[in-house]
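Each chain gets a letter, A, B and so on, in the order the sequences are listed, and its residues count up from 1. Keep in mind it's a predicted model, so treat the numbers as computed, not measured. Below, all heavy atoms of this structure are taken into account, side chains as well, without hydrogens, waters or symmetry copies.
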Number of protein chains: 2
Amino acid sequence: MDNLHRKIIIEFLSKYAPISKELEEIILEHSGIKTLSKGEVILQEGQVSKECFFILKGCVKKFHLIDGQEKITAFYTEGQVVTPNSYTDGKPSKYFLKTMEETIALFGNPDSEKEAMSLYPELASFIGLVTEKLIVDITDEFDTWVNHTPEERYILLNQERPDLIQRVPQYQIASYIGIKPESLSRIRKRLTN
Amino acid sequence: MDNLHRKIIIEFLSKYAPISKELEEIILEHSGIKTLSKGEVILQEGQVSKECFFILKGCVKKFHLIDGQEKITAFYTEGQVVTPNSYTDGKPSKYFLKTMEETIALFGNPDSEKEAMSLYPELASFIGLVTEKLIVDITDEFDTWVNHTPEERYILLNQERPDLIQRVPQYQIASYIGIKPESLSRIRKRLTN
DNA sequence: TGATTTTCTTAACCAAGGTCAATGAAAAAG
DNA sequence: CTTTTTCATTGACCTTGGTTAAGAAAATCA
């Protein structure tokens, strides 16, 4: 694990609570690092996920297939945790996870998670914090979504995740903000005038 | 606490894991039951929440005030937990919580929660399950929302929470599904034809 | 490099929701 | 039982996004 990756993890973990070097090592030891090539499918619809992961480098999209069309509901990038619902509830996934670029991520599975938690009880409360924070983030995102128009969502996206606009094709951004590529073109035109 | 309320709680708790009579008592002892009258504001925008609650009877709406307009993002009814983001992250709330009817709820606060958890470690892992399930529910709701039109959302709401249509005024249902009351009228007309 | 595929833009027309204003119906208040 | 207020519906007109089809621009590949 190189220094950049280490920094991303530590930065992430420190958001939740002061973290000891010891706990840091425990977490690193119990997760496996993997590199995925561009366009790789991490989770299929109907499949039960056995892994959650943390992105060190790269970008992953989450999408539903509706009438043969991809409907993107999330882009995950560096420093984000991805815990598929299917990983948590053991039910077949309703959505896909697919890399947009070559992606390096730390993978964890329930067995090693349980093992680590039984060895290090402080890990459990730490995971609790991460989980609680996730709820706050998701509900905030939901509220932001429903309280804005597609045009406003595009403006917000430019402000809050300008990197995404650069690295993701526009027609996928369109899907993410809930409109068709043609409409996003028009919105962009409206905005430049 | 009467039998109906007891039943609602036990039904709720059993969704997550088999629950012992003992743990049941612990939870009941550490939460205070309160009755709120119709129209009571539980949480104000800008306020830091010190309580989460579980609804035994009644209905609570969550809404943002945008340009003086209520934008409803959730209705909570019997058997649902409400954990304000502000309760979790300690930051001022971005939204309001207000009762739609007389509402009876079990309230918990961080102090009694921590006390109970230190006395009964098994409670912590139980709360972990509840929290994880919340994430699954919220992301499912989010995905359902973004993948449907207002008309489809209205049809879904009728199927999945027919009680809400009965007990909540239509213009508030309209706000909840993201449209104006006039548009909901038109949708209803379209659907009857 | 030239060829091919992918992505982005434009335009004309359509459908759904927003706005404004008027009217009716239903509930609440007196 | 009225009166008043709140809520729901309707219609005319506007705005935004969807659809379809064509072509331009960019990225990829041979």
Side-chain angles (χ1 to χ4, degrees), chain A residues 37-40 58-59 61 63-73 75 98-102 145-158 162-193, chain B residues 37-40 59 61 63-73 75 98-102 144-158 162-193:
Chain A
S37 54
K38 178 176 173 173
E40 208 162 312
C59 181
K61 67 177 167 185
F63 64 95
H64 295 244
L65 254 195
I66 298 178
D67 304 325
Q69 301 276 322
E70 283 189 8
K71 280 267 204 168
I72 298 173
T73 55
F75 288 112
K98 190 174 178 180
T99 59
M100 302 285 298
E101 322 164 351
E102 183 179 273
W145 181 278
V146 304
N147 286 325
H148 292 91
T149 62
E151 177 168 331
E152 291 169 334
R153 291 198 282 264
Y154 180 69
I155 295 171
L156 277 173
L157 196 62
N158 265 292
D163 58 303
L164 265 191
I165 309 283
Q166 300 310 317
R167 70 209 287 193
V168 171
Q170 239 150 68
Y171 74 98
Q172 304 208 36
I173 297 282
S175 172
Y176 178 56
I177 61 177
I179 56 175
K180 300 284 158 186
E182 298 89 334
S183 301
L184 181 51
S185 263
R186 275 185 303 213
I187 286 175
R188 284 161 51 80
K189 198 178 180 186
R190 273 208 301 270
L191 290 178
T192 52
N193 298 348
Chain B
S37 54
K38 178 176 175 175
E40 208 162 311
C59 180
K61 68 178 168 186
F63 64 95
H64 295 244
L65 254 194
I66 298 176
D67 304 324
Q69 300 276 320
E70 282 189 10
K71 281 267 206 169
I72 298 173
T73 54
F75 287 111
K98 189 174 178 180
T99 59
M100 302 285 299
E101 321 165 350
E102 182 179 273
T144 301
W145 180 277
V146 303
N147 287 323
H148 292 91
T149 62
E151 177 168 333
E152 291 168 333
R153 290 198 282 265
Y154 180 68
I155 295 169
L156 277 173
L157 195 62
N158 265 291
D163 57 304
L164 264 192
I165 310 282
Q166 300 309 318
R167 69 208 287 193
V168 171
Q170 238 150 67
Y171 74 99
Q172 304 208 36
I173 296 283
S175 171
Y176 178 56
I177 62 178
I179 55 175
K180 299 285 157 185
E182 298 91 330
S183 300
L184 182 50
S185 263
R186 276 185 304 212
I187 287 175
R188 284 161 51 80
K189 198 179 178 184
R190 273 209 301 271
L191 292 178
T192 52
N193 299 347

Listed by chain and number, what are the ring-ring contact (aromatic ring centres under 6.0 Å, His included) partners of Tyr154(A), not counting sequence neighbours?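 Counting only residues at least two positions away or on another chain, Tyr154(A) forms no ring-ring contact (aromatic ring centres under 6.0 Å, His included).
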- Could you tell me which residues satisfy ring-ring contact (aromatic ring centres under 6.0 Å, His included) with Tyr171(A), sequence neighbours excluded, listed by chain and number?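 ring-ring contact (aromatic ring centres under 6.0 Å, His included) list for Tyr171(A), sorted by chain: empty.
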Which residues satisfy the side-chain contact (heavy atoms from CB on, under 4.5 Å) test with [X], sequence neighbours excluded?
| X | answer |
| --- | --- |
| Glu70(B) | Lys61(B), Phe63(B), Leu65(B), Ile72(B), Gln172(B) |
| Ser185(B) | none |
| Thr149(A) | Glu151(A), Glu152(A) |

Going by the rule side chain to side chain donor-acceptor pair (under 3.5 Å), which residues pair with [X] if we only count those two or more places apart in sequence or in a different chain?
| X | result |
| --- | --- |
| Arg186(B) | Ser183(B) |
| Glu182(A) | none |
| Glu102(B) | none |

| Spacing of Glu152(B) atom CD relative to dA16(C) atom C1', expressed in whole Å |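 It works out to 12 Å between those atoms.
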What is the separation between atom NZ on Lys189(B) and atom P on dA25(C), rounded to the nearest whole Å?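 Rounded to whole Å, this separation is 14 Å.
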Protein-proximity profile, nucleotides 16-30 of chain D, B/S/- by nucleotide at the 4.0 Å heavy-atom cutoff, equals -BBBB----------
Going through the checks in order, is the side-chain contact (heavy atoms from CB on, under 4.5 Å) test met by Val168(A) and Tyr176(A)? CA-CA 11 Å; Val168(A) 171; Tyr176(A) 178 56; over 6 Å; no
- Of all residues at least two apart in sequence or in a different chain, which pass the salt bridge (charged side-chain N to carboxylate O under 4.0 Å, His left out) check with Arg188(B)?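 Applying salt bridge (charged side-chain N to carboxylate O under 4.0 Å, His left out) to Arg188(B) gives none.
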- Just report the end-to-end axis angle for the helix from dT1(C)-dA30(D) to dG30(C)-dC1(D), five pairs per end, to 10 degrees.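 Answer rounded to 10°: the end axes differ by 50°.
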What protein N or O atoms touch nucleotides 5-8 of chain C N or O atoms at under 3.5 angstrom, if any, and at what distances?
unit_1 : atom_1 : unit_2    : atom_2 : d
dT7(C) : OP1    : Tyr171(A) : OH     : 3.3
dT7(C) : OP2    : Tyr171(A) : OH     : 2.9
dC8(C) : OP1    : Gln170(A) : N      : 2.6
dC8(C) : OP2    : Gln170(A) : N      : 3.0
dC8(C) : OP2    : Tyr171(A) : N      : 2.8

